[in-house]
Structure formats: C-alpha cells, structure tokens
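Everything quoted here is computed from the prediction, not taken from an experiment. Indexing begins at 1, ligand by ligand and atom by atom, following the structure's order.
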Amino acid sequence: MCGLVGYTGNRVASEVLIKGLARLEYRGYDSAGVACVRGGELAVVRRVGKLVNLRTALDGAPIVSTVGIGHTRWATHGRPSEENAHPHCDCTGRIALVHNGIIENYLELRDELAAAGHILRSETDTEAIVHLVESYYDGDLAQAVAKSIRRLEGSYALAVIHLDDPGTIVAARRDSPLIIGTANGENIVASDIPAVLEYTREVVVLNDGQIAIVTPDDVRVVDVNLEPVEPEMMHVEWDLDAAEKGGYEDFMLKEIHEQPTALRETLRGRFVDGEIELSELKMTPSEVSAIDRVFIIACGTSFHAGLVAKNLIERWARIPVEVQVSSEFRYNDPIVDDETLVVAITQSGETADTLAGVREARERGAKVIAITNVVGSRVTRESDGVIYTHAGPEIGVAATKTFTAQIAALNVLALKLAQAKGTLGSEEVERIWLELSTLPDVVEAILANTGDLEACAEEYVDAASSLFLGRGIGVPVAMEGALKLKEISYIHAEAYAAGEMKHGPIALITDEVPVVVVATQGHTYEKVVSNIQEVRARGAQVIAVATAGDDEIRQHAEHVLMVPRTSEALSAIPATVPLQLLSYHIAKKRGCNVDQPRNLAKSVTVE
Ligand code: F6R
C-alpha cells in the first residue's frame, strides 16, 4: 500500500511533494519522507507518523530544490520507524528511491547485497532495490533500474533519483499503480490521480513492465529492454474539488452525502429501449443466458455488496450464486469453469486478494467481470469485462458511497441476467428499473432528514460492544453496519442473521449492549419483530431501521431510524445510509479520526 510522488519542474519540489502526499495519505500513514536534489547532495527528511510531522520538519528547514521524490508509508516489512521510512538511499548517498508494493525475494537480495559489501540500514524490502540500482549503475539510471527490476519478485511502483542526473526521475511499475501527470515544463509521478490534479488533467498511465524516464519537459516510456513504448495517455475528468472535502468536516461525511450523485451516475444510461444496457459484459445474449452459476469474490465492504447481489441474482435470475471472501477463494480449490461467471467486486481495483482470485478464476476458464470504482486500476486490466461504479474518488478509508454504488451496479447486473434468462418479464424489469431509478432521491430524502440520529449516537457513545441483526437482504446490511461501527469507532460490533441469535449470541445481551436491527418491511418483517422481542426481554436497548409509516415498531425499540418505503429487494441501499451516519456520529463523539482509522489503509495491495 503506500503512496509515492515525484516532481521535476520549476516549483519548490518539497511543497509539491507534500501536497501530493496529503492527497495520497489514504494509502497509508505510518511514516512519510522526501528526498530532493539540492545542489550536489540529496536532502532527505523522514518522519514517523502522519504527514503533518514531515510537514512541520520541512517548515522548519525548507529544502530549495526543483526535483524530488516523496512517500507515505503503510508498513509491511519492518515496523513504522524513521529508519524504515522511505525514501531509502544507496551506500553512496547519491541515489534515493521510494517504493509501493512488496518484494517477495527481498531476504535473498539483502543477503546477496550485504555479502557484496552494501550496508543496509533498514528492515525493509525496499532498501534492497536501491542497493541493486547502485550495484548496476554505470552512468545510466534507467538501465540500472531496468536491470534491478528484472531481479525483483513481487509488486512494485518505484520512483528513483540520482545526483548524476539531477532533473530526472526514473519510474517503473509491476502490479502497483503509477501514473505521471504531464504539464508544461513540469511532470509529476504519483500513485494516484488526486496527487497531480492541481497541476494537470493529462496523465500517462504506466503499465506493468514499463519504465518512465521523466524530466521537466519529457516523459519517455520504455520497456524493460529499454525499447521505446507508446505512452498510454488519459484525460482525467475529475477536478480537484472532487478529491477534496467540499466543505464537510471529514471526507467520510462528504462521501456519505455524495451517495445520491454516485447512485445517479452509476445507474445513468443503463436502461435503453426496454433493455438493460450492460455491454461491458462483452457477452452475446446466448452466452449470458447460458450462465448457470455465479461466483462473487470480494473483501470487506465489497464482500457485503456481494452478499446483497446474491440475494438479487437468486431472487430475479434464479441463478445460484456463491459469495466468498477473496482471500479464501483461491485456496479453496473453487469449483468454477467456463460456464461460471465470476464477479470480482473491488472499489480500489487494487486489492491483492481479489486480484489473486481473479487470476485463479481465469486460469480455471471462468469469465471474470470486475466491478470497480477506479479507472485503469489493476483489476480492469486483468478481467474480461469491467462495470464501473461512478462514485468519484473515495478518500475516507471506510467505504460508504462506493458500497451503495456497488449495490446499484449489482442491481443492474442482476436485472440483466434475469432479462437474459427470461426469469423476469419485460414489464417486471421495467417496473424494477423505474423503482431503482428513484433510489438517488430516496437517499437524498434520508440525508435531508436524519431525525434523532445524533441523539441516538450520543446515547451509545460509551458502549463497549454491540450487535447488528437482520434477515434476508437485511443480513449484509447489518454486516456492513457492524463493520462501519467497529472500524471507525473501535466499538466491538458483531452482525448476525436475526434468527441465529437464539443459537448462541443471545448470551451476550445485557442492558449495556445496544442491538441494531434492520427491520424494514419485507416478507420476514414479523419474524424480525419477534427477534427484537427476544432481545428486549433480556434487557437489550434496540435501535431499529424501519420503513416510514411503521408506527408499530416504535413500541419495540428505543430508537427508530426511518427510511422511505421501497420494495424489499431494493431496501439495502436506503437501510445502509442511517447505519453509516450512526457509526459516523458515534465515532466523532468518541473523538476518533473517521477518515483514517487506526491500522487500516484504503487499498490493501498485500495478501
Ligand atoms: C471497509 C473497507 C474495506 C474494503 C476492503 C476491500 O470500509 O473499505 O473493508 O471494502 O478492503 O477493498 P476494495 O473494495 O478496494 O477491494
């Protein structure tokens, strides 16, 4: 994980690097550092902890330089410390390097380099790379990088500078993201687009196995044999505002409020002349109707979206669906073949476990469709088809708008499958589509009237533990509600199918354990109410998410978070929103940093 930035141009490099790193801090924040070419030396400043520590150090001792590289770290090899912070330098102190990824053969390389007399000062895999570059360097940095990367097993995005060639950054990648923002007289290397948006919207997307030689006036892309390659250019539509907080206190709150737009954008253009439009499947109608099994792989919040999709696809298309967390899928000898559609859901498109699952599925002959939010991300290059959620960049580490956008996209997929299979008639598809199209407004209405949500949050701010219950499509909603609460407020939260409660978890109930129940209208509503009574009889305080107009529920719950009425199948998105807000307000009242919860990172590029 980690974010890297490199700048060469005519501005003060360290300022560009710090601003860029601030926009990449979602990728990790264990330590940060910069290395800039200053006269005949490399000025390297590194600090443990968040970027603010590095910024303070640089404010106290600015570096006058127009070329440099910077890094924000999420520790993998070696604890968070100054020695392990990037940039790392070679023995001569003339080469500096930043890296995102994992080098699997680093121990072997470190031993070899140490035996050859190199002094390695950190515990990292990264440091081996800079010493490799040193050992191969004979006056041509790109060549030394090319030779070094041939020795690497694992994933990397790299940016390297050398005092001998002070205006140049050499960048390379394999299995970790890297782009280069190109502007007039300046170029910026970065892990992700928000870092370059202040300067340009024109971007070179570096592909696996490619090396970029970046100077203020030129970006030259070559392959690992140093043969020229035509750079892949992209024009970025997002403006900088889209990547910033837009007036909200936190990215998470901003992103919760962006859900109506994210849903509208994701659903846009998906129903044309009575047909669900999903050409991204890249399958003929007969191929789609031949699908007899769907396998969904995903992690975390995306996994919960997958569970919602199972409910929808089985309900509408009558195709059996299996959902597995990606980290289990590839080791479970999965039963997939060329009749199976594998759907990989990953907001970032860079989650290592999901990417490994995609490769496994394709090796077994399955067709893989990715659902992702990030254009050009790794998963888009490794899948047969891609359905984008158009949620815009999500900076808050806890997924919110991308979750509901994923569900919207999965609704479309489920309808497409049902249409192809003929399990829903055209009138029924149209009816569902029309209702689906109202969800952005439904979410807008929820956000405009949050009732006593804040008062409810206040009451449970000191809870040590909580339970989340639901039935049917309410189970993944409960799971997502529990995940949001635990990851941003650090309150223990456990989700259960409400009917399973009496088989064990009911023993946890005391009057100090709030129980959040997804109790929206549906065919199991009465059963859910019975489950509420079971927990209340044991002293539980109940917070119910219920359908507007359900006055009965008020007798059974301490707090009711009302959402507008929808059909049961479409209830997951509206029911999720109050749970996101509940977690948000509880976490804020506990003084937690909701955008950067401890120990987490936005894209998990390690297995
Ligand atoms: C939780 C969260 C994570 C991610 C998970 C998968 O709020 O964001 O659980 O959902 O790490 O990430 P993606 O979807 O990028 O593969």
Side-chain angles (χ1 to χ4, degrees), residues 1 3 26-28 74 175-177 191-192 250-253 255-256 259 262 266 296-309 323-330 342-359 368-380 382-383 386-389 391-407 409-410 468 476-477 479-490 493 495 576-577 579-584 587 592-607:
M1 191 132 10
Y26 72 90
R27 300 182 66 85
W74 187 77
D175 288 346
S176 291
S191 298
D192 198 0
D250 321 85
F251 284 114
M252 183 180 176
L253 190 59
E255 287 156 6
I256 289 173
Q259 289 180 109
T266 301
I296 299 178
I297 55 172
C299 306
T301 289
S302 298
F303 172 69
H304 300 153
L307 293 173
V308 173
V323 193
Q324 273 193 17
V325 287
S326 312
S327 53
E328 289 296 313
F329 172 80
R330 67 183 293 220
V342 171
V343 181
I345 311 173
T346 165
Q347 176 290 123
S348 62
E350 302 286 346
T351 298
D353 287 322
T354 302
L355 291 171
V358 166
R359 286 171 206 138
V368 177
I369 299 299
I371 298 194
T372 186
N373 195 42
V374 181
V375 178
S377 58
R378 186 77 228 162
V379 82
T380 65
E382 299 213 10
S383 305
V386 183
I387 303 172
Y388 283 110
T389 50
E394 190 173 67
I395 307 295
V397 165
T400 51
K401 63 176 178 173
T402 55
F403 175 64
T404 47
Q406 283 169 347
I407 297 176
L410 289 160
F468 282 67
V477 173
M479 291 168 82
E480 177 60 9
L483 178 60
K484 286 292 88 88
L485 186 65
K486 73 182 108 178
E487 69 181 333
I488 62 169
S489 75
Y490 316 135
T576 297
V577 177
L579 298 185
Q580 294 170 337
L581 286 167
L582 183 66
S583 301
Y584 172 83
C592 300
N593 180 340
V594 294
D595 284 340
Q596 294 179 346
R598 70 183 178 214
N599 303 340
L600 295 176
K602 185 71 183 164
S603 50
V604 185
T605 55
V606 292
E607 283 182 52

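- Nearest protein neighbour of atom 5 (C) of ligand 1, counting heavy atoms only, is Cys299 O, 3.7 Å.
- A heavy-atom separation below 4.0 Å is found between Val397 and ligand 1.
- Residue Ala399 has at least one N or O atom closer than 3.5 Å to an N or O atom of ligand 1.
- What sits closest to atom 3 (C) of ligand 1 on the protein, heavy atoms only, is Thr301 N, 4.0 Å.
- Ion pairing between Arg359 and Glu382 holds under the 4.0 Å rule for side-chain N and carboxylate O.
- Between the side chain of Glu394 and the backbone N or O of Lys401, at least one donor-acceptor pair lies under 3.5 Å.
- Within the listing of ligand 1, atoms 13 (P), 14 (O), 15 (O), 16 (O) sit less than 4.0 angstrom from a heavy atom of Gln347.
- At distances below 3.5 Å, not a single donor-acceptor pair connects side-chain atoms of Ser302 with backbone N or O atoms of Ala298.
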Verdict with supporting geometry, Thr372 and Thr389, side chain to side chain contact (heavy atoms under 4.5 Å, CB included): CA-CA 6 Å; Thr372 186; Thr389 50; 6.0 Å; no
Chi angles and distances behind the side chain to side chain contact (heavy atoms under 4.5 Å, CB included) call for Tyr388, Asn373: CA-CA 6 Å; Tyr388 283 110; Asn373 195 42; over 6 Å; no
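- Every side-chain contact (heavy atoms from CB on, under 4.5 Å) that Ser583 has, sequence neighbours left out, goes to Lys484, Leu485, Ile488.
- Of the protein's non-hydrogen atoms, the one nearest atom 11 (O) of ligand 1 is Val604 CG2, 4.0 Å.
- Counting heavy atoms under 4.0 Å from ligand 1, residue Glu487 touches it through the side chain alone.
- Considering backbone and side-chain N/O atoms, Thr351 comes within less than 3.5 Å of an N/O atom of ligand 1.
- Partners of Tyr584 by ring pair (Phe, Tyr, Trp, His ring centres under 6.0 Å), not counting sequence neighbours: none found.
- Heavy-atom distances between Lys484 and ligand 1 reach below 4.0 Å in at least one pair.
- In the vicinity of Ser302, heavy-atom distances shorter than 4.0 Å reach the ligand 1 atoms 10 (O), 13 (P), 14 (O).
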Trace of the side chain to side chain contact (heavy atoms under 4.5 Å, CB included) decision for Val343 with Ile297: CA-CA 6 Å; Val343 181; Ile297 55 172; over 6 Å; no
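- Taking only nitrogen or oxygen atoms, main chain and side chain alike, Gln406 does not reach within less than 3.5 Å of ligand 1.
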